[in-house]
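Every number for a ligand or one of its atoms is a count from 1 in the order of the listing. For reference, positions follow the sequence shown, starting with 1.
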Amino acid sequence: MREVKALLHRDFAIGTTDPRLFGAFVEHLGRCVYGGIFEPGHPQADERGFRKDVLALVRELGPTIMRYPGGNFVSGYNWEDGVGPVESRPRRLDLAWKSTETNRFGTNEFIDWCRLAGIEPMLAVNLGTRGGDAARNFVEYCNHASGTALSDLRRAHGWEKPHGVKFWCLGNEMDGPWQMEMKTAQEYGRIATEAVKMMKWIDPSIELAACGSSGRNMPTFGTWEQTVLEHTFDHVEFISLHTYLNNYAGDTAAFLASSDLMDSFIDEVVAIADAVAAHRRSSKRLMLSLDEWNVWYRTRRNRQTRVLPNWPVAPHILEEVYTMEDALAFGGACISLLNHADRVKAACLAQLVNAIAPIMTEDGGPAWRQTIFFPFAQMSKLGRGRVLRIDAESPTYETRYFDPRGSIDQYYPLPSVPYLKLAAVHDINAKSLTLFALNRHLHEVLPLDVKAEGFAGLAIDQTLTLHDADLKAVNTKDNPDRIKPTALKGAAVAESHIRVALPPASWSVIRARGAG
Ligand code: AHR
């Protein structure tokens with residue numbers, strides 16, 4: 001391929017990445033909690049049952065905020081079931097994942113785990129089977145210091161100090177018929193507004209996300225956001241959106257293009273939120289919480305990989321094994337997130353362990369990194385700072401992306417997908433300029449020349465690339481390092497031009513320093 005030229009300037013930034021952009025998600029789903037982060041009796045478990053091997057990988061992955069306890073699960077969850085003496089906690093049917101929930105792990109254990117991991121907790125309240133009353137009680141239990149029945153109950157349970165949880169989700173995917181007690185936008189808007197009023201009366205410092213659409217392909221997308229925000233606009237800080245990229249069609253080029261539709265989704269939600277603001281003559285700008293995103297399709301539509309018979313505890317469901325190709329599509333989504341740093345101020349990789357996750361474990365056995373682990377870890381580590389605007393002239397290709405919803409098969413045309421997808425982050429403190437680059441050409445090297453104006457004395461500090469001739473290669477328990485990043489040779493800087501050759505079908509990170 002001919003050389004692709006890109007231009008950026010130190011003074012032209014999209015925005016600064018919020019630490020919460022690098023979040024993830026722990027749901028009571030399959031083996032995410034049980035056998036994932038928590039497995040009493042495992043040789044690596046600490047005295048609280050937290051797996052230390054998983055914790056070490058979580059620290060390496062670098063999530064900053066963790067959403068809990070769902071997901072679909074939260075729409076039937078009684079938070080009271082998960083607190084207090086473990087032996088008196090009820091076993092319940094979880095209708096979301098057709099499992100039995102033992103409640104051995106609950107809110108207090110989650111908060112302890114977050115503190116141990118150095119991660120901010122993000123809690124979701126149940127606005128499916130429950131409503132404002134349970135939500136306000138949950139905030140009081142978690143965040144009120146003392147002197148009331150619920151705050152003193154927390155203290156009696158062994159947590160003297162309030163948890164101080166700042167970020168709360170107002171339910172989950174309430175637009176989806178798969179949700180327990182799905183709502184219309186009008187119903188949800190009203191319930192969420194009344195819930196948030198009470199939650200903030202208890203703790204005015206909390207921030208809240210209203211449910212947006214659970215996918216861009218939802219028939220109600222757009223009207224849902226508008227109606228919900230007409231109710232909640234004055235009360236919330238965030239509107240959520242969820243995206244799962246797929247390769248149902250078995251078309252790699254289309255799959256690698258799919259994160260461009262995630263860009264469109266983000267832009268569209270911003271437009272709707274700002275239209276609601278304009279309608280109210282409001283200068284308030286809502287931020288976006290992309291609090292579920294990932295690649296997910298193999299274990300999505302197939303019932304055998306989604307639910308198992310007889311209401312098992314912690315079943316092996318949604319255990320998607322990620323390929324090299326998935327890591328590339330996922331890396332494209334990372335670039336989408338960075339390039340929307342001005343409005344996406346929170347995001348959660350769904351999920352953390354075992355269920356559609358970057359980390360896999362065996363019950364009683366080892367833990368290992370899936371292919372998607374690497375782009376996330378690199379983004380979290382090196383993506384902190386000012387995201388710069390880039391003008392690039394990349395050759396393009398034409399494709400169409402298949403994104404079915406229910407019985408409706410939907411194709412989305414993508415007439416001109418640039419082979420190069422690129423983000424650039426300037427970290428003033430580290431004096432670094434880091435490029436995150438996806439080469440979507442499946443067979444050709446992409447020679448890249450980035451002119452970095454306003455930066456003097458840059459020198460290549462670190463390069464990493466994820467690239468493999470076998471796009472279907474995976475990491476497994478027996479071969480956990482089959483896919484891992486390697487150094488990208490040949491990157492150089494001369495007179496503020498960063499030059500690098502991106503291998504075909506690769507995701508790369510090029511970090512230059514001296515950019516004070
Ligand atoms: O992350 C898996 C599931 O995907 C979540 O429970 C739900 O919110 C979404 O549909």
Side-chain angles (χ1 to χ4, degrees), residues 23-34 36-37 63 65-77 94-99 101 110 122-129 168-183 188 192 209-221 224 238-246 248 262 265 289-303 305-308 314-320 322 326 330 333 346-360 370 372 376 403-406:
F25 178 27
V26 166
E27 177 168 2
H28 284 255
L29 190 185
R31 296 189 308 121
C32 187
V33 172
Y34 306 107
I37 60 174
I65 188 166
M66 198 63 63
R67 185 166 178 251
Y68 174 86
N72 296 339
F73 172 80
V74 79
S75 293
Y77 185 52
D94 164 28
L95 305 190
W97 302 108
K98 310 285 183 292
S99 313
E101 174 54 52
F110 173 69
M122 174 194 286
L123 291 180
V125 299
N126 174 358
L127 294 188
T129 60
W168 294 78
C169 304
L170 290 161
N172 176 71
E173 296 191 347
M174 298 310 305
D175 60 333
W178 56 89
Q179 213 64 217
M180 286 173 261
E181 297 205 21
M182 168 207 184
K183 308 276 184 281
Y188 172 71
C211 281
S213 290
S214 50
R216 186 173 182 253
N217 56 2
M218 290 297 286
T220 49
F221 169 54
W224 172 275
F238 293 87
I239 177 89
S240 76
L241 58 163
H242 292 175
T243 291
Y244 291 100
L245 309 181
N246 81 76
Y248 288 122
M262 176 167 153
F265 191 20
S289 176
L290 225 164
D291 46 38
E292 287 186 30
W293 70 273
N294 198 349
V295 169
W296 177 25
Y297 64 103
R298 296 176 192 83
T299 59
R300 191 165 189 186
R301 298 173 89 196
N302 174 353
R303 203 172 157 78
T305 56
R306 233 187 121 94
V307 293
L308 298 175
H316 287 256
I317 54 171
L318 273 64
E319 298 199 355
E320 192 104 354
Y322 289 107
D326 295 333
F330 182 98
C348 300
L349 157 59
Q351 298 194 4
L352 185 68
V353 192
N354 291 326
I356 47 172
I359 299 168
M360 289 296 286
Q370 294 234 56
I372 60 169
F376 187 94
D403 197 12
R405 174 64 72 179

Exercise. Hey, which atoms in ligand 1 end up nearer than 4.0 Å to a heavy atom of Trp97?
Worked result: 3 (C), 6 (O)
Exercise. Does any N or O atom in Asn172 lie less than 3.5 angstrom from one in ligand 1, N or O only?
Worked result: yes
Problem set entry | Ring center gap for Trp293 and Phe330 short of 6.0 angstrom | yes
Exercise. For ligand 1, which atoms, with element, lie under 4.0 Å from some heavy atom of Ile356?
Worked result: 1 (O), 2 (C)
Problem set entry | Aromatic Phe25 / basic Arg67 pairing, under 6.0 angstrom, 45° off normal | yes
Exercise. Near Glu292, which atoms of ligand 1 are under 4.0 Å from a heavy atom of that residue?
Worked result: 1 (O), 3 (C), 4 (O), 5 (C), 7 (C), 8 (O), 9 (C)
Problem set entry | For Glu173, atoms of ligand 1 separated by under 4.0 Å from a heavy atom | 7 (C), 8 (O), 9 (C), 10 (O)
For this session: State the CE-NZ distance between Met174 and Lys183, to the nearest 0.5 angstrom.
Result: 4.0 Å
For this session: Pick one of side chain, backbone, both or neither for how Phe73 approaches ligand 1, counting any non-hydrogen atom pair under 4.0 Å.
Result: neither
Exercise. Is Glu27 close to ligand 1, meaning an N/O of one under 3.5 Å from an N/O of the other?
Worked result: yes
For this session: Identify, with sequence neighbours excluded, every residue that meets salt bridge (charged side-chain N to carboxylate O under 4.0 Å, His left out) alongside Glu27.
Result: none
Problem set entry | atom 2 (C) of ligand 1 - nearest protein heavy atom and its distance | Gln351 NE2, 3.5 Å
Exercise. Will you find, in the side chains of Ser75 and Asn72, an N or O donor that is under 3.5 Å from an N or O acceptor?
Worked result: no
For this session: Kindly write out the residues that satisfy side chain to side chain donor-acceptor pair (under 3.5 Å) with Asn217, not counting sequence neighbours, or none if the list is empty.
Result: Asp403, Arg405
For this session: Identify, by atom number and element, the atoms of ligand 1 in contact range of Tyr244, meaning under 4.0 Å from any of its heavy atoms.
Result: 1 (O), 2 (C), 4 (O)
Exercise. What's the shortest distance from atom 7 (C) of ligand 1 to any protein heavy atom, and which residue and atom give it?
Worked result: Asn72 OD1, 3.1 Å
Exercise. Do Phe221 and Phe265 have their ring centres less than 6.0 Å from each other?
Worked result: yes
